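One structure is given here, and the rest of the page talks about it.
On a predicted model such as this, the values are computed, not experimentally measured, just so you know.
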Amino acid sequence: MKNHVRKMGKRKNYWKRALAAVMGMAVFVGGMVFGGETARAKEAPFVDISTDMISLSPQAHEVKMNVAARNMPEGTELVFQVANEGICSVRWVEKDVKKYTQLCCQRGEMTGDTVITVFAAGYPESARQISVVNKEAADSYEYEGNGSTVIRGLYMPPVPYEVHVVSEDADGYFALTYSNTAGDRKVLVDRAGAYEGSVTIGRGTEGTNFDVLATGRWKITMTPVLETATPVQSGTGSQVSGCFRGDNKTHSVYCANWADKGNFIVWLYDADDNSKKLLANGAGTYGRNKGNVYLNASHSYYISVESEGNWLVEFSK
C-alpha cells in the first residue's frame, strides 16, 4: 500500500513539472524576451470621432466635433480631406481641456452633401469618414410611439428648438426629460392626463437624448425657432413664439393670464447668447408688469409660455 502511494506521488510531481514546462514554453514563444522586455504586436493607429454625420445651415453655420487619434507613432500627424470645399470648409482647433483635437466645419456657399475624411498620415487604413449636409434650414425631428421609450444620440444644431408634445392618454401620465453629453438635464413635461403644448430647448447640442415616460400614445415634434414674430404675443396653453429683433431700448413687459388654475410662467430667451430672463411666475389669473427689460438690436429673442388658459405678453413701445 505504501509503495502504491509513493508511485502516485511521483506521478503527480511528474505531471506538475511537465505542465510548468509547457506553460513556460508558451510564454517564451508568445512573447520573446529581449533585454528584459517582452515583444508585443504593434497596434495600428486608428481615429475616433464624436459623430459621423453633421448638418450645416444658416442657423448653424459652424459645427465643432471631437477627434481622438489612438496609437499614433511619434511624429505622425492627423490630417483631413474634404471632397467638396464649396459645401464646407474645415480647420483644426486647439485641443480642449480633455486633450481632444477639435475639427471645426463651416458652412460653404453651396448646398448639398460632401464627405470629410480624417486619418493618420501614412496610415490610410485609419481613415474615418464624416457625412456633411449643407441645408437651407436646420433639421426638424418627429417621433411618435405608445408607452415609454428612450431617444438617444441626436445631433441637433446649436439653435433654439420648439418641442411640441401631444399625449393622448386622458387617464395616464406623460413625462419628457432632455439631456445631452455635456451633462445638461431638464424636465420638459411632467403631466397627468391628456396634454398638448410646446416647450423649448434653448440651444440644440450633439449627443441629445430624450427619455419618454408614458402610459399611452404620444407624438413629439421638434422644429427650429425660425418664424418672424412681433414683441406682442397672445395665445392659449403652453406655447413658444417665433423670433423678433431687439431695438436697443429698455421695455416694461405686461404679462397676463386668464386661467382659474395651473402655473403661469413666461421666459424671454436670447437666441444669440442662449441667456434667458424670467418675465412672469405665478398661478391662475395673473396680470403684472416686468420693468427694465433691455433688447439688444443685434440680437433675436423669443418667449416661452407655460399656461393652462389664455394669456398675453406685451412689450411697451
When rounded to the nearest 0.5 Å, the distance separating CZ of Arg107 from OG of Ser57 is 6.5 Å

Examine Val225 and Val163 and state if one hydrophobic cluster contains both, with Ile, Leu, Val, Met, Phe, Trp and Tyr joined whenever side-chain heavy atoms are less than 4.5 Å apart. no

Tell me if the centroids of the rings in Tyr254 and Phe315 come within less than 6.0 Å of each other. no

4.5 Å side-chain heavy-atom contact, Phe210 and Thr208: yes

For the student: nearest non-hydrogen atoms of Ala127 and Thr117, plus distance: CB-CG2, 3.8 Å

Spell out, as yes or no, whether a donor-acceptor pair under 3.5 Å connects the side chain of Arg203 to the backbone of Asp272. yes

Hphob cluster co-occupancy, Ile49 + Ile116, side-chain heavy atoms under 4.5 angstrom: yes

Got Asn71 and Tyr123 here, is their nearest side-chain heavy-atom distance under 4.5 Å? no

Under the side-chain contact (heavy atoms from CB on, under 4.5 Å) rule, what do Lys186 and Thr177 come out as? Steps first, then yes or no, please. CA-CA 6 Å; Lys186 180 181 180 182; Thr177 302; over 6 Å; no

Residues Asn248 and Tyr294: side-chain donor-acceptor under 3.5 angstrom: yes

So, for Tyr195 and Phe174, is the gap between ring centers shorter than 6.0 Å? no

When rounded to the nearest 0.5 angstrom, what is the spacing between SG in Cys243 and NE2 in His299? 12.5 Å

Give a yes or no answer on whether the side chain of Tyr301 reaches the backbone of Asn296 with a donor-acceptor pair at less than 3.5 Å. yes

Do Gln106 and Cys104 come close enough that some side-chain heavy atom pair is under 4.5 Å? yes

Against Ser198, only a single residue in Gln239, Glu306, His164 fulfils side chain to side chain donor-acceptor pair (under 3.5 Å); can you say which? His164

Would you say CD of Glu77 has more than 12 non-hydrogen atoms from neighbouring residues, nucleotides or ligands within 6.0 angstrom? no

Contact check, side chains of Leu176 and Val165, non-hydrogen atoms, under 4.5 Å: yes

Please lay out, stage by stage, how Ile303 and Ser241 fare under the test side-chain contact (heavy atoms from CB on, under 4.5 Å). CA-CA 5 Å; Ile303 61 172; Ser241 78; 3.4 Å; yes

Given side chain to side chain donor-acceptor pair (under 3.5 Å), test Thr111 with Asn134 step by step and report yes or no. CA-CA 5 Å; Thr111 57; Asn134 190 348; over 6 Å; no

Val159 reachable from Ile54 in the ILVMFWY side-chain graph, under 4.5 Å edges: no

Are a donor atom and an acceptor atom from the side chains of Asn310 and Thr236 found within less than 3.5 Å of each other? yes

Donor-acceptor pair, Arg128 side chain versus Val47 backbone, under 3.5 Å? yes

Donor-acceptor pair, side chain of Ser148 and main chain of Ala214, under 3.5 angstrom: yes

Leu312, Ile265: one ILVMFWY side-chain cluster at the under-4.5 Å cut-off? no

Atom of Ala229, atom of Phe244 and distance for their closest heavy-atom approach: O-CB, 3.3 Å

Quick one: does Asp190's side chain have a donor or acceptor within less than 3.5 Å of a partner on Ala175's backbone? no

If we only count heavy atoms from C-beta on, is the Arg70 to Asp48 side-chain gap below 4.5 Å? yes

Below 30° counts as parallel, above 60° as perpendicular, anything between as tilted: where do the rings of Trp267 and Tyr269 land? tilted

Which heavy atom in Val266 sits nearest to a heavy atom in Val313, and how many Å separate them? CG1-CG2, 4.0 Å

Arg245 side, atom CZ; Thr230 side, atom OG1 - distance, nearest 0.5 Å: 15.5 Å

Where Thr114 and Cys88 come nearest, the two heavy atoms and their spacing: CG2-SG, 4.0 Å

Just wondering, more than 12 heavy atoms not from Glu109 lying within 6.0 Å of its CD? no

Mind telling me whether Trp92 and Phe80 have parallel, tilted or perpendicular rings, with 30° and 60° as the class edges? perpendicular

Is there a side-chain contact between Leu56 and Val132, using heavy atoms and a 4.5 Å cut-off? yes

Under-4.0 Å salt bridge between Lys219 and Glu196: no

Starting from Val82, can I reach Val63 by hopping between I/L/V/M/F/W/Y residues whose side chains sit under 4.5 Å apart? yes

From Ser126 OG over to Met72 CE, what is the distance, rounded to the nearest 0.5 angstrom? 7.5 Å

Evaluate side-chain contact (heavy atoms from CB on, under 4.5 Å) for Asn209 paired with Ile151, printing each intermediate quantity in order. CA-CA 6 Å; Asn209 306 315; Ile151 303 165; over 6 Å; no

Non-hydrogen atoms of Asp52 and Gln129 that approach each other most closely: CB-O, 3.9 Å

Within the distance-only criterion (no hydrogens, no angle test), does the side chain of Asn66 pair as donor or acceptor with the backbone N or O of Gln102 below 3.5 angstrom? no

Atom SG in Cys255, atom CZ in Phe264: separation rounded to 0.5 Å? 5.5 Å

Taking it one step at a time, do Lys64 and Leu103 satisfy side-chain contact (heavy atoms from CB on, under 4.5 Å)? CA-CA 6 Å; Lys64 294 178 182 178; Leu103 195 65; over 6 Å; no

Considering the options Leu295, Asn289, Asn292, which one meets the side chain to side chain contact (heavy atoms under 4.5 Å, CB included) requirement together with His251? Leu295

Are the side chain of Thr285 and the backbone N or O of Trp258 linked by a donor-acceptor pair below 3.5 Å? no

Side-chain donor-acceptor pair under 3.5 Å between Thr205 and Asn180, yes or no? yes

Please report the closest heavy-atom contact between Gly147 and Trp218, naming both atoms and the distance. O-NE1, 2.8 Å

Report yes or no: do Tyr302 and Thr200 form a side-chain donor-acceptor pair below 3.5 Å? yes

Would you give the length of the straight line joining atom OG of Ser300 to atom CG of Asp273, rounded to the nearest 0.5 angstrom? 11.0 Å

Hey, does Ile130 have a side-chain heavy atom less than 4.5 Å from the side chain of Val118? yes

For the residue pair Phe119 and Leu78, establish whether any side-chain heavy-atom pair is separated by less than 4.5 Å. no

